[in-house]
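Everything on this sheet refers to the single structure shown next.
Values below: all heavy atoms of this structure, side chains included; hydrogens, waters and symmetry mates excluded. Just follow the structure's listing: the first ligand is 1, and inside any ligand the first atom is 1. The shown structure was predicted, so the numbers you read here are calculated from the model rather than taken from an experiment.
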Amino acid sequence: MPPVRRLAWVLVALLVGAAALLSAGPSSLVDWRAMRAIAIESDDWGLCGFVPSVTAWEGLRHEDLSPGRFPAVYWNSTLEDSAAVASLAAVLQSHRGRDGLPAVLQPNYIVSSQAYEDGVWRRHDLPDLPRAYARPGMWRAVGDAARAGVWHPEFHGAWHYDPRLQRQAIADAPQLVAAAARGIMLFPGSEAARELGPWRSTPQLAAELDTALAVFGRAFGRAPGSIIAPDYTWDGRVEALWQSRELAVIQAKREQRHPDYPSGLAGRVLKVLERQWARAAHPRRTYLERNCRLEPVQSPDPREVVAACVRDTERAWRRGEPAIVESHRVNFAHADRSFEEAGRDGLAGYLAGATTLPSGPPVFLVDAEVAALAGRGTSLRAGPGAWVARNGTHARRVAWLPPAEDGVGRMATLLLLDSGCARRLDVHDAR
Ligand SMILES: [Zn+2]
């Protein structure tokens, strides 16, 4: 072949490849315009930070901790307690979708913490909590909310920060040791000390993931169905590890941070290429993009945040996407109770707005349902006390309810689901 012609063929191949790469995106068996789905993702639950209470700051200065870029409202962000969980659950329960099922929150959990207690670092795995973060009755409130179908725990990570960097950072600095002894989680440079940073070895991350998933399973009685990396920082190794552990529904791919990419335009282009490559090369992974932001306590105008979130919800539907709402724990658990109230009011306002739109009410889904409906047309949401089976297609479909994991009670069951149906299955009925 003459060199010019060969070059032309190479160019054509490159163009076709680039077009395939850039157009790679999610395909779905479900019409999300008609489905009008809302999934709510909330990070940082279970995180024993950033302070146990406002009194922990007495005699200490924020400046001594110099964590890096840190939004003001987070200085008094704290671990949720029973009242915070129960009041939030009540808000969720009072708003229902068109299928009669209530709004459901996906609290993304950090499952372990290291606490500086009696002069040594001690590890605590959920449901165990450090002494400074005692929360009587909290797990009962979580269990009640889960049984009511409004609380669907998902996975955020093991520690949130690289635990070794946290231990190293406070060594020999009396102010920092004092802060750690009081349960303050911040330390110099903590903002950049991300749990899944590129400096951490793959075997170490694999072992940490296995332990964290075992902790999650013991705490919540099932494996997680979706994941969000701490501080949006992860890489291809980490995604491969997640997938090898059946964690293939990945939240907020568009927010992904790559600390080792160059800054500026080159970094942004690399990021887009990486994302498109991941979509094209890993069809078994589901990437869910957060397309609605509900962070009222971080704004001087919470009402506008709520109104914008309702508008973005409708826009997502019009684009043919489920509305994926981001709302961090800091809106609902805070050492200053007035923030909790503002956050709950914001959520209540959003749910009231989104369930009374003139175009009709929505349905509330969890990430795993979004992924299953897109891929298979049907979904099963596992929960304590009840399962929810759905068929999002226009045809009658069969779904498979697996046997109880403990091997006693419920047998494997085939379900016939009518088009567009949502069925709540009491676990006892399914036996
Ligand atoms: Zn987080």
Side-chain angles (χ1 to χ4, degrees), residues 39-52 65 67-80 84-85 88 105-114 124-126 129-130 133 151-163 165-166 183-187 189-198 200 205 208-209 212-213 215-216 219-220 224 226-235 238-239 242 247 249-259 288-290 292-298 324-335 339-340 343 367:
I40 310 174
E41 299 172 347
S42 185
D43 303 353
D44 299 335
W45 295 84
L47 174 75
C48 294
F50 293 89
V51 289
L65 298 169
R69 217 164 53 86
F70 198 65
V73 70
Y74 275 90
W75 287 103
N76 281 319
S77 157
T78 193
L79 176 67
E80 62 273 16
V85 173
L88 183 55
L105 183 87
Q106 295 170 94
N108 293 311
Y109 273 90
I110 291 292
V111 299
S112 298
S113 57
Q114 53 179 3
H124 297 270
D125 295 324
L126 296 187
L129 298 167
Y133 286 90
W151 202 263
H152 191 82
E154 290 297 5
F155 188 61
H156 192 12
W159 310 100
H160 215 288
Y161 295 137
D162 178 342
L165 292 183
Q166 184 182 17
I184 296 175
M185 194 197 193
L186 299 164
F187 53 91
S190 50
E191 198 263 336
R194 292 151 182 178
E195 177 179 324
L196 305 176
R200 304 203 66 204
L205 291 175
E208 206 167 82
L209 178 62
L213 291 176
V215 173
F216 186 102
F220 301 115
S226 80
I227 178 158
I228 175 70
D231 293 313
Y232 306 108
T233 302
W234 77 96
D235 55 28
V238 173
E239 265 188 37
W242 290 340
L247 261 178
V249 182
I250 296 164
Q251 302 177 25
K253 178 77 174 165
R254 215 160 38 206
E255 318 296 325
Q256 185 173 3
R257 292 178 185 157
H258 303 267
L288 297 179
E289 303 299 356
R290 296 177 170 180
C292 304
R293 195 176 140 83
L294 186 66
E295 304 283 359
V297 307
Q298 294 203 52
I324 312 265
V325 180
E326 162 209 315
S327 193
H328 280 70
R329 179 190 71 173
V330 72
N331 294 289
F332 312 112
H334 203 276
F339 283 92
E340 293 185 353
D367 293 345

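Among residues at least two apart or in separate chains, there is no salt bridge (Lys or Arg N to Asp or Glu O under 4.0 Å) pair with a member in residues 67-76.
Taking distances strictly below 2.8 Å, the protein N/O/S atoms close to the Zn ion (ligand 1) are D44 OD1, H156 NE2, H160 NE2.
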| query | What do the steps show when you test H124 against C48 for side-chain contact (heavy atoms from CB on, under 4.5 Å), and what is the final call? | reply | CA-CA 10 Å; H124 297 270; C48 294; over 6 Å; no
| message | Using the rule given for side-chain contact (heavy atoms from CB on, under 4.5 Å), can you reason through F70 versus S190, listing the C-alpha separation, both sets of side-chain angles and the distance that settles it, and then say yes or no? | response | CA-CA 10 Å; F70 198 65; S190 50; over 6 Å; no
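In this structure D235 satisfies the side chain to side chain contact (heavy atoms under 4.5 Å, CB included) test together with P198, R237, V238, sequence neighbours excluded. Take D125 and apply the side chain to side chain contact (heavy atoms under 4.5 Å, CB included) test, not counting sequence neighbours, and it matches S112, R123, V215.
Nearest heavy-atom pair across L126 and I110 is CD1-O, 3.5 Å.
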